[in-house]
There are 2 protein chains.
Amino acid sequence: MTHGARQERPTPPTLEAVAEAAGVSRATVSRVVNASPTVRPEVVDIVNAAIGKLNYVPNRAARSLASRQTQAIALVVPEDPTRFFGDPYFAAIVQGITRRLDESEYILNLLVASDDPAHKAMRYLRSGNVDGALIVSHHDDDEYVTDIATVMPSVFGGRPPNDADPGSHYVDIDNIAGAQLAARHLIDIGRTRIGTITGPVDMPAGIDRLNGFLRTLEAAGVATDAIENADFTASGAATATRRLLDRIPDADALFVASDLMATGALTVLRERGLSIPGDIAVVGFDDSPLAASADVPLTTVSQPSTGMGFAMADMLLRLLSGDETVPHRTIMPTRLVLRASA
Amino acid sequence: MTHGARQERPTPPTLEAVAEAAGVSRATVSRVVNASPTVRPEVVDIVNAAIGKLNYVPNRAARSLASRQTQAIALVVPEDPTRFFGDPYFAAIVQGITRRLDESEYILNLLVASDDPAHKAMRYLRSGNVDGALIVSHHDDDEYVTDIATVMPSVFGGRPPNDADPGSHYVDIDNIAGAQLAARHLIDIGRTRIGTITGPVDMPAGIDRLNGFLRTLEAAGVATDAIENADFTASGAATATRRLLDRIPDADALFVASDLMATGALTVLRERGLSIPGDIAVVGFDDSPLAASADVPLTTVSQPSTGMGFAMADMLLRLLSGDETVPHRTIMPTRLVLRASA
DNA sequence: TTGTACGCGTTATCAG
DNA sequence: CTGATAACGCGTACAA
């Protein structure tokens, strides 16, 4: 007996074979497979019997060549793989996507940007591999992602880059409102020296959360100079937090733009001997599993991550089905989850 | 201007179109596209110019129909999606896989088991969608996964189920040795009442880690009754830890079969007012990011998760290339990483 | 209701 | 070295 690639594998049965076994034409078998209503019930049974006997499964390549559909969609992530795979937020998004896809016949292709993202990804997308695309974690300077939407039905996770087609479809949360929730809370619990660790300023979520934060602080007449930029990673946030603390030693509150970053900030706070929330209160963003299990359980702005993934997939599937009534944007709610850190 | 699915999208150029534009036959264009050496250099240039001008990209369905190859592989995960997406261990595996795939022309299809895993997944795999499969997180009773290996080249992540083809290919770590490392360490630091929270006993990793643990304890003449089974989730581990503590109140050490489970155990230990490692020492398994950032940084058995994903993909790609010299198993090393918890 | 025949875009075999 | 031409497996007008 042999194994692996060299093993002789039997050629899968074709429509032709089933037709012969059932004593009908290929077309009829095709109709049965595709549940056409115009086939006599008894013939349906005969054909299905043959299909079961031969263990027939339609060849997808042939089918998509003929039908010009692939029944596949791509998840495009123009992002450093380490960051994508390191943040539970993305896991939740993907989970939501697969949950929706499980209810359909569509399958998911994962395209995480490599060194040569634009070229390879676009090449892949343009070669008719997928019927549509889901785009997540895009940056303003990722020119090629805006091209994707011109090539095939696409849904962005988060507000699309500024230069994207204004008719783009996307699912988002109100990042501004979410950040305002966080800032408001910190003010309400009496904090007066409030800082923030931001996400990348070339990403909508990074910008919007900063703006919401600023807006609330300004309205309250609180100083807004305690700002440090980071990159949505724990280590990046740690570095930024050190900078902030060096600059503003009397900070008594911190809004960190993601839970993952908050864990990095907590590490630094701990290392500086600061008590939480005693010396300094912390509010995160995401309500990822990290928040609940953190050193000091995190007060955080909750967003329906899994739900967003689900909504994105759902929107794309509707688009693919030719549904004319699909809204161009779906904005999902955020809420503040109170835990120990603030 | 219109948008979305209804938008008129131009038909992509075909081989035919390029041939016409270049004034050669389709066959020649095909040769150029596939870098056949038997084409006159000047013709190659002409054709490439036409390709560039028309922005031609080969249609994958047509190509795979003709060549009987898909340039795609599937990652099959016969597991509850919540668990798959909740454990950083899997993120690392997937990252390793994509890292290897990025160096190739292959792309990845994600198949996380749904309610009807056997049927839908097998159907998908058998319809000629992928050239090979990577199987991760399989349980002994997942009969269908062992079938996959009979249908196409496959590589398991972890020892295959017992009833799998003995010639199966897989990448694994020495779970027994890893667990022995952990147990040995707990004994060495003077612990005498050592318990363990195991993984599922229908999974190779769960079984092997338990056995390694038991082997070392028995050899040292230490009691082996402090065992509670869990399911590789944080909440499952928390429950198991409560049971164990209720039964063995004087336990002074705990070997938890995964870092994610260890975070669940830590929560319970904290809730019982136990100091770590003072009252009870804890050793995890994986060395996932969770370990370093845990409440009490975790001493843990480190395994090269990303490396395993890479190795799996590499093994499968070699299999697909017809490489006869591919070893049937690759066992990767583990080591103990000392932190604060033990 | 069912069968015939052509087309989908490539690859691959053969002549030339 | 290049060009016809036949597969590859399926969907689908069109005809019966």
Side-chain angles (χ1 to χ4, degrees), chain A residues 9-48 50-51 54-72 105 123-124 126-131, chain B residues 9-48 50-51 54-72 105 123-124 126-131:
Chain A
R9 299 178 194 285
T11 304
T14 68
L15 211 55
E16 177 86 52
V18 176
E20 187 172 0
V24 298
S25 73
R26 290 189 315 228
T28 297
V29 179
S30 177
R31 292 190 184 97
V32 173
V33 170
N34 295 298
S36 163
T38 75
V39 181
R40 214 183 340 151
E42 47 198 87
V43 176
V44 172
D45 292 340
I46 295 176
V47 173
N48 277 328
I51 287 177
L54 296 181
N55 218 317
Y56 168 76
V57 179
N59 178 302
R60 208 132 178 179
R63 178 177 267 185
S64 75
L65 183 57
S67 70
R68 308 180 138 288
Q69 295 205 11
T70 64
Q71 296 292 93
E105 284 301 305
R123 211 182 133 69
Y124 176 74
R126 297 201 50 211
S127 68
N129 265 295
V130 294
D131 296 336
Chain B
R9 298 176 195 285
T11 306
T14 68
L15 211 54
E16 178 86 51
V18 176
E20 188 173 359
V24 298
S25 71
R26 291 189 313 227
T28 297
V29 178
S30 177
R31 291 191 185 96
V32 172
V33 170
N34 296 295
S36 162
T38 75
V39 182
R40 213 178 346 146
E42 48 197 83
V43 175
V44 171
D45 292 341
I46 295 175
V47 172
N48 276 328
I51 288 177
L54 296 180
N55 218 318
Y56 167 77
V57 178
N59 178 302
R60 208 133 176 177
R63 179 177 264 185
S64 76
L65 181 57
S67 70
R68 307 179 141 289
Q69 295 206 7
T70 64
Q71 296 295 89
E105 284 300 305
R123 210 180 133 71
Y124 176 72
R126 297 201 50 212
S127 69
N129 265 294
V130 295
D131 295 336

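The structure displayed is predicted, hence computed values, not measured ones.
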Quick check for you: among D:dG9, C:dT2, C:dT10, whose closest atom lies nearest to any side-chain atom of A:Asn59?
D:dG9

Counting any heavy atom closer than 4.0 Å, what does B:Val43 reach on the DNA or RNA strands: base, sugar-phosphate only, or nothing?
sugar-phosphate

Between C:dT10 (P) and A:Asn129 (CG): distance, integer Å
12 Å

Counting the atoms with a prime plus P, OP1 and OP2 as sugar-phosphate, which does A:Arg26 contact under 4.0 Å by heavy atoms, base, sugar-phosphate, or nothing?
base

Remember a base hit wins even if backbone is also touched, and classify A:Val24 as base, sugar-phosphate or nothing at under 4.0 Å, heavy atoms.
sugar-phosphate

Quick note, A:Ser67 side chain, CB onward, closest among D:dA4, D:dG11, C:dC8 is D:dG11

Go through the steps to decide whether A:Asn34 and A:Ser36 satisfy the test side-chain hydrogen bond (donor to acceptor under 3.5 Å, both in side chains), and finish with yes or no.
CA-CA 6 Å; A:Asn34 295 298; A:Ser36 163; over 6 Å; no

Do B:Leu15 and B:Pro58 come within less than 4.5 Å of each other through their side chains, counting heavy atoms only?
no

Please give, in whole Å, the distance from C:dC6 P to A:Leu65 CG?
17 Å

Any A:Thr38 side-chain nitrogen or oxygen under 4.0 Å from OP1 or OP2 of C:dT1:
no

Within less than 4.0 Å of OP1 or OP2 of D:dG11, is there a side-chain N or O belonging to A:Asn34?
yes

Rounded distance in Å - CD (B:Glu16) to P (C:dT11)
14 Å

Taking the side chain from A:Thr70 and the backbone from A:Asp131, do they hold a donor-acceptor pair closer than 3.5 Å?
yes

Over all strands shown, is A:Ser30 touching base, sugar-phosphate only, or nothing at heavy-atom distances under 4.0 angstrom?
base

A:Gln71 has an atom CD; how far is it from atom P of D:dG9, in whole Å?
20 Å

Taking the minimum atom-to-atom distance to the side chain of A:Arg40, which one of C:dT2, C:dG9, D:dC10 wins?
C:dT2

Side-chain atoms of B:Arg31 come closest, of C:dT2, D:dT12, C:dC14, to C:dC14

Main chain of B:Gln71, side chain of B:Arg60: is a donor-acceptor contact present, judged purely on distance under 3.5 Å?
yes

Please report the C-alpha distance between B:Val57 and A:Tyr124 in whole Å, then the side-chain angles of each, then the deciding distance to 0.1 Å, and finally whether the side chain to side chain contact (heavy atoms under 4.5 Å, CB included) criterion is met.
CA-CA 9 Å; B:Val57 178; A:Tyr124 176 74; over 6 Å; no

Nearest-angstrom distance from the residue atom CG of A:Leu15 to C1' of D:dC8:
13 Å

Option from B:Thr14, B:Val24, B:Val43 for which side-chain contact (heavy atoms from CB on, under 4.5 Å) with B:Val29 holds:
B:Val24

Taking only N and O in the side chain of B:Arg63, is any of them less than 4.0 Å away from OP1 or OP2 of C:dG9?
no

In whole angstroms, the gap separating P of D:dG3 from CD1 of B:Ile46 amounts to 11 Å

Rounded to whole angstrom units, what separation is found between the CD1 atom of B:Ile51 and the C1' atom of C:dT10?
13 Å

Considering only C:dT10, C:dT2, D:dA4, which nucleotide approaches the side chain of B:Ser25 most closely?
D:dA4

Closest-nucleotide 5' rank along DNA chain D - winner of B:Val39 and B:Ala66
B:Val39

Given that A:Pro13 and B:Gly23 both sit by DNA chain D, which one's nearest nucleotide is further toward the 5' end?
B:Gly23

